[in-house]
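Input: a single structure, listed below in structure tokens.
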Amino acid sequence: MFDIAPQFGALIVFIEHRFYGKSLPFGEKQSFLHPYVDLLTTEQAMADFAVLITSLKSYLNAEKSAVIAFGGSYGGMLSAYMRFRYPNIIDGSIAASAPILVVSGDSPRESFYQDVTKHFHEAMSGCSERVAESFKVMAALASSGKAGYVNISTTFHLCGEIKNDNDYRHLIGWIRSAFATLAMVDYPYPTNFLAPLPGHPVKEACSRLVSASSSMIGLSSLADLIYGSSSCHDIYSEYVECSDPTGCGIGPNSLAWDYQACTEFIMPSGTNNRTDMFPELPFTLEQRDEYCLKRWQIRPRNKWAKLSFWGKDIGSATNIVFSNGLLDPWAGGGVLKNVSESVVAVVIKDGAHHLDLRGSNPADPQSVKDARQLEITHIKQWIKKKKSL
């Protein structure tokens, strides 16, 4: 956006979503209690955006200017949804890495960790096999009781020793989340997006796994890429289980996403150790129901995203570019084929999570350069149409 804004003479506006960042209407603690948290909905957030955009256009005397929505991940979903819901306000949308099909139940929930596995398998010969071997070694140690737990805790430099199966399962979730993050942000240059990482972090992770003196030490080294090489890891503060098996993050933002993943969106399933390289750690819709009822005293509305945000039935929409990088495990839940002449899909062969929205870099693959040019072409068409009205 910052790269192309000058050629359009554009104003860039970042609007903070209610209940995220500093936009906590009832304070950090009270905002996430009932009845206050009930005001956290996608519809309400979109209405906030619509009011602010129209007010800002009036204030700037820019009523005739086009408005283009940009977003990545959940932001990409919002970008598309804004065009669905407010085509009178939003003239076009760039929806990057927007998994609108999985959250509506219109694509398989199992694809996420299958694609993480595929990514590591293709990154380096023997990598995914080494991962599977590592987890088998851990499982054997865990089944041996206290001595095994001590061995695992020492190898992973844990602040608190694993003492039972619940601790062990949480450790598996902590490790699995590291794999998910690495796959998502497998950018071709060093970044500090979700963690300080080198370029091509999946290859770096695989190198650590394959070259380590033992498979479990390699797995520990991989986790350090995401969680840092601290003196010890507190797995309960670094990873919080929630209604999204791919991870909700930590801090207040994690509470907001946990609530939304309970009330509005279907998330990917867990892992099954058959179609993926991870231990069996399922998260069925029934388990989600149980979690959400216990955590938030609510029952998920599994059909809501499809009813309210169209799901796969988006043929009547216009002026949207859905971009997805094939390195991104969320891509399987997104729009990968053109829907119409004005709702198009851009598949970025060598792209990770919304790589096209990042600033240009000498290490960018040609596929993302081509994607950005196509997006610019569509933006020009949308602006031209707006001016002709």
Side-chain angles (χ1 to χ4, degrees), residues 40-46 71-85 93 95-118 176 180 183-184 241-248 256-272 274-276 278 280-296 298-317 320 322-324 326 328-340 343 345 347 353-354:
L40 170 54
T41 69
T42 299
E43 294 89 345
Q44 291 275 19
M46 291 166 61
S73 200
Y74 173 46
M77 292 161 53
L78 288 170
S79 181
Y81 294 163
M82 284 295 290
R83 177 62 186 170
F84 295 166
R85 186 67 63 90
S93 164
S97 301
I100 66 168
L101 301 183
V102 71
V103 301
S104 65
D106 285 317
S107 69
R109 297 176 64 233
E110 299 77 19
S111 68
F112 185 90
Y113 280 109
Q114 290 176 8
D115 288 341
V116 172
T117 300
K118 179 183 178 183
R176 191 179 67 177
M184 285 172 56
E241 292 184 35
C242 66
S243 56
D244 180 355
T246 72
C248 288
W257 184 243
D258 186 29
Y259 181 78
Q260 288 191 271
C262 272
T263 55
E264 298 184 291
F265 303 123
I266 295 175
M267 289 290 108
S269 63
T271 47
N272 56 38
R274 298 187 305 277
T275 60
D276 56 61
F278 301 99
E280 186 175 353
L281 199 65
F283 194 68
T284 65
L285 293 179
E286 291 73 23
Q287 287 175 304
R288 175 171 170 255
D289 287 348
E290 182 180 345
Y291 169 85
C292 294
L293 187 60
K294 181 179 179 180
R295 176 63 183 87
W296 295 105
I298 54 175
R299 293 188 183 276
R301 301 173 295 172
N302 290 335
K303 297 180 179 180
W304 184 249
K306 187 176 181 66
L307 288 170
S308 188
F309 306 121
W310 302 16
K312 65 180 179 180
D313 301 319
I314 59 175
S316 60
I320 303 174
F322 288 100
S323 62
N324 282 282
L326 294 186
D328 180 14
W330 285 106
V335 178
L336 300 177
K337 294 182 179 179
N338 291 348
V339 176
S340 65
V343 177
V347 176
H353 204 50
H354 49 64

Indicate every side-chain donor-acceptor pair of residues 74-84 with a distance under 3.5 Å to a residue at least two apart or in another chain.
unit_1: Tyr74; atom_1: OH; unit_2: His17; atom_2: NE2; d: 2.8
unit_1: Tyr74; atom_1: OH; unit_2: Thr42; atom_2: OG1; d: 3.2
unit_1: Tyr74; atom_1: OH; unit_2: Gln260; atom_2: NE2; d: 2.9
unit_1: Ser79; atom_1: OG; unit_2: Ala69; atom_2: O; d: 3.0
unit_1: Ser79; atom_1: OG; unit_2: Ser93; atom_2: OG; d: 2.6
unit_1: Ser79; atom_1: OG; unit_2: Ile94; atom_2: O; d: 3.2
unit_1: Arg83; atom_1: NE; unit_2: Thr318; atom_2: O; d: 2.9
unit_1: Arg83; atom_1: NH1; unit_2: Pro87; atom_2: O; d: 3.3
unit_1: Arg83; atom_1: NH1; unit_2: Ile90; atom_2: O; d: 2.6
unit_1: Arg83; atom_1: NH2; unit_2: Thr318; atom_2: OG1; d: 2.6

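Judged by distance alone, the side chain of Arg176 and the main-chain N or O of Gly270 form no donor-acceptor pair under 3.5 Å. A side-chain donor-acceptor contact under 3.5 Å links Ser243 to the backbone of Asp258. Between the side chain of Asn338 and the backbone N or O of Ala345 there is at least one donor-acceptor pair closer than 3.5 Å. Put simply, the side chain of Arg301 never gets that close to the backbone of Glu264: no donor and acceptor are under 3.5 Å apart. Between the side chain of Glu290 and the backbone N or O of Gln287 there is no donor-acceptor pair closer than 3.5 Å.
Of all non-hydrogen atoms in Val102 and Trp330, the two that sit nearest each other are CG1-CZ3, 4.2 Å. Counting all heavy atoms, side chain and backbone alike, Ser107 lies closest to Gly333 at OG-CA, 3.5 Å. The nearest pair of heavy atoms linking Ala305 to Phe265 is CB-CD2, 4.1 Å.
With sequence neighbours excluded, the residues forming a side chain to side chain contact (heavy atoms under 4.5 Å, CB included) with Ser111 are Asp115, listed by chain and number.
To the nearest 0.5 angstrom, Phe283 atom CZ is 12.0 Å from Thr271 atom OG1. Atoms CZ and CZ, from Arg299 and Arg288 in turn, are 12.5 Å apart once rounded to the nearest 0.5 Å. How far SG of Cys262 is from OH of Tyr291: 6.0 Å, rounded to the nearest 0.5 Å. The structure places OG1 of Thr246 at 5.5 Å from OH of Tyr113, a figure rounded to the nearest 0.5 Å. Between atom CD1 of residue Ile100 and atom NZ of residue Lys312 there is a gap of 12.0 Å, rounded to the nearest 0.5 Å. Going from atom CG of Leu101 over to atom CG of Asp106 covers 6.0 Å, rounded to the nearest 0.5 Å.
Side-chain contact between Ser316 and Trp310 is present, with heavy atoms from C-beta onward closer than 4.5 Å. Using a 4.5 Å cut-off on side-chain heavy atoms (C-beta onward), Arg109 and Leu285 make contact. Residues Ile314 and Val335 form a side-chain contact, since some pair of their non-hydrogen atoms from C-beta on lies under 4.5 Å apart. Looking at heavy atoms from C-beta onward, Thr284 lies out of side-chain contact with Ser269 at the 4.5 angstrom threshold. Counting heavy atoms from C-beta on, the side chains of Glu43 and Phe309 come closer than 4.5 Å.
Between the side chains of His354 and Ser73, not a single donor N or O lies within less than 3.5 Å of an accepting N or O. Residues Glu110 and Thr275 bring no donor and acceptor atom of their side chains to less than 3.5 Å of each other.
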